[in-house]
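Since the model is a prediction, treat every value here as computed from it, not as a measurement. Just so we're on the same page: letters track the sequence lines, and every chain starts at 1.
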2 protein chains.
Amino acid sequence: MEKQTVTIYDVAREAAVSMATVSRVVNGNPNVKPATRKKVLEVIDRLDYRPNAVARGLASKKTTTVGVIIPDVTNAYFSSLARGIDDIAMMYKYNIILTNSDENGGKEVQVLNTLMAKQVDGIIFMGNQVTDELREEFRRSKAPVVLAGSVDEEKVQPSVNIDYVAAVAEAVKNLIDHGNQKVAFVSGSMDQAINHDYRLKGYKKALKDAGIAYDDKLVFETDYTYKAGQSLEPALSAAGATAAFVGDDELAAGVMNGLTDAGVKVPEEFEVITSNDTKLTELVRPKMSSITQPLYDIGAVAMRLLTKLMNSEAVEENTVILPYGLMKRSSTK
Amino acid sequence: MEKQTVTIYDVAREAAVSMATVSRVVNGNPNVKPATRKKVLEVIDRLDYRPNAVARGLASKKTTTVGVIIPDVTNAYFSSLARGIDDIAMMYKYNIILTNSDENGGKEVQVLNTLMAKQVDGIIFMGNQVTDELREEFRRSKAPVVLAGSVDEEKVQPSVNIDYVAAVAEAVKNLIDHGNQKVAFVSGSMDQAINHDYRLKGYKKALKDAGIAYDDKLVFETDYTYKAGQSLEPALSAAGATAAFVGDDELAAGVMNGLTDAGVKVPEEFEVITSNDTKLTELVRPKMSSITQPLYDIGAVAMRLLTKLMNSEAVEENTVILPYGLMKRSSTK
DNA sequence: GCAACAACTGAAAACGCTTTCATATCAAAG
DNA sequence: CTTTGATATGAAAGCGTTTTCAGTTGTTGC
């Protein structure tokens, strides 16, 4: 007793119409006489017919699924974007093929290829680095690609972000205004455009505006992990820093807890401000001040933009910049 | 200049062989003469041929993609499982269609249906409640379904979990052993099997073993959110509880911070132990003691089990129980 | 009662691959 | 040489839809 699949052909036969007509009613094509539609619908219901999306995809060349490349679902920043992406996708009847890339270039390219092989209608890429190879793959892709919460120096791919330079500058200015002369800049790899080309630029700008000389001893390049942050305390103190801008929340939590554990009082003796405003900022004590980003919206807007691209609709602006903010909590004075 | 897709037919023509042969080399079928294989491979390379997975899926009735239903990617517990799932899936050449259900029964059923329409080869379901309707859908599905980190009272679906009853009992016993006579039980909805049928059972068992009477005034049913936990303090104090077992880490963090903010010292005056051992437990201060679960492995094992099921391999045990532990950190004495 | 046009409907050709079945080739054995 | 069993290969039938194009039916206006 194998499970029997009922096809459009069965429905056509039972309803005494052609497959074309069944297809029309299934797809809501208006050119069907109401009586016919009703008859077909009844048969569909009776036979419990479910259209086969794969066959549909082959025939129509549309799969109503989009690929999403994410560094790690486990990361609060990216998973928040992913949530926004999925909600909007669902709203537009798309499904998401989600794959973790670990920001590993090779894996990214490979994943991209399997997504394209699966004929996804579009792709959303999240990741801190767009290599030449990746860029080349994007170009050859017939499916539109949009970057979410991720920048590319070449600025050719559609993308959704905030103004990192301004945001970081403002955050650092805030720290400086509190009297900190030595503000540390803590981030992930400087190979990543978002760090070297945006955040660092904002940092330098704030310094310059305040007439403070840039000192690369205050720049700390590390991993985006809690542990990495936690073990940064000695170095931070040694450099004489009294405040820090940190490029990732988990990392920031580590920095802060490391400081606290070493007996350094936050924010009295050391202020820290972080970047992503994930839930985490509220969980730690003191609560962390942060640049605020509309995380969910970045994902949502990216997906919405992608729907337009997939639909070949006119798009006013390929590069959308969402507003950021600064949320002062208790890790700053 | 439309992008031209090169098909298996093009390759066959260029290589002067049949489509069948090309298909064979693409699929690694050994019945191809080395010389022929080489020739075909060269053409594939020259034309940059990429097999169309949709067509392949239609012809072979296998899509090498599995559906994953998750309450919310943003939730650390579930996203950890998801990571395990994806890694193993990738290892076995499967892709993941990920959809958020918000534990909403209607949405779950709908999502399940679109997954089935997309002809996924298998499904992994995460969610705290398996309704009759859902169970019915699972049954009619021709794709195998396995539950990950989720229980079903009927115990018919293959699943991967830990022994919640024993784990909770042990955790609560620990609290009782520290002298706490009034241990609160804080969890999400009691409609969820994992709460009423497992955790609560473990809680009662520990109580009984210690000769303490069960008091439903100490059972707090709430949402799995940080905020919900935070606002629980007055009630907890009013009930005279001096310790709590909490069913979710984020909720627990809320409970703990709420307590601390109200001036209650953790763990001196109130101990709390949580359930999922996500990263979060290490980020908050004091660090939270927790039942430890092999989160990643639950996902990984579930996916591995699914691959066997999809492959119709014999499976020794459909219900796998992974080991748990108890990690004492600083929220307990 | 008929032309003209709109509204419906059906036949059949794709879509790009896998797979079965038959045929062809080839080396070893007799 | 022929036979024989493997080993290689190709022809063609699906897989379950969508979509084009032609044809049929039904209305409306004169």
Within-4.5 Å side-chain heavy-atom neighbours: B:Leu41 and B:Lys39: no

Closest approach of A:Pro144 to A:Leu309 (non-hydrogen atoms, all atoms of both residues): CB-CB, 3.8 Å

A:Ser23 side chain near D:dT18 phosphate (N/O to OP1/OP2, under 4.0 Å): yes

Protein-nucleotide distance (B:Met19, atom CE; D:dC15, atom P), rounded to Å: 16 Å

Sugar-phosphate only, base, or nothing, as touched by A:Asn31 at under 4.0 Å among non-hydrogen atoms: base

Side-chain N or O of A:Tyr9 closer than 4.0 Å to phosphate OP1/OP2 of C:dG10: no

Integer-rounded Å distance: D:dC15 C1' and A:Asn52 CG: 8 Å

Distance below 4.0 Å between B:Asn27 side-chain N/O and C:dT18 OP1 or OP2: yes

Options C:dT19, D:dT17, C:dC17, nucleotide nearest the side-chain atoms of A:Ala55: D:dT17

Residue whose nearest DNA chain D nucleotide is more 5′ - B:Ala16 or B:Ser60: B:Ala16

Separation of D:dT7 C1' from B:Asn29 CG (nearest whole Å): 11 Å

Any A:Thr21 side-chain nitrogen or oxygen under 4.0 Å from OP1 or OP2 of C:dC8: no

Donor-acceptor side-chain pairing of A:Asn128 and A:Tyr224 below 3.5 angstrom: no

Touch class at under 4.0 angstrom, heavy-atom based, for B:Val54 against every strand present: nothing

Interatomic distance, B:Arg13 CZ vs D:dT9 P [rounded to whole Å]: 20 Å

Donor-acceptor pair (no angle test) under 3.5 Å: B:Arg50 side chain, C:dG16 base: no

Salt-bridge present (A:Glu42, A:Arg46; N to O < 4.0 Å): no

Between D:dT19 (C1') and A:Lys61 (NZ): distance, integer Å: 13 Å

Point-to-point distance, once rounded to the nearest 0.5 Å, from CZ of A:Arg83 to CG of A:Asp87: 4.5 Å

Which residue lies more 5' along DNA chain C, comparing A:Thr36 with A:Leu58 via nearest heavy atoms: A:Thr36

Atom-pair distance (CZ on B:Arg24; C1' on C:dT19), nearest Å: 9 Å

C:dG10 phosphate, OP1 or OP2, under 4.0 Å from A:Ser18 side-chain N/O: yes

Interatomic distance where NZ belongs to B:Lys39 and P belongs to D:dG10 [whole Å]: 7 Å

Value in whole Å for how far the C1' atom of D:dT17 lies from CG of A:Asp10: 13 Å

Basic-acidic side-chain contact under 4.0 Å: A:Arg50, A:Asp48: yes

Sugar-phosphate, base or nothing in reach of A:Val17, heavy atoms under 4.0 Å: sugar-phosphate

A:Lys33 side chain near D:dG26 phosphate (N/O to OP1/OP2, under 4.0 Å): no

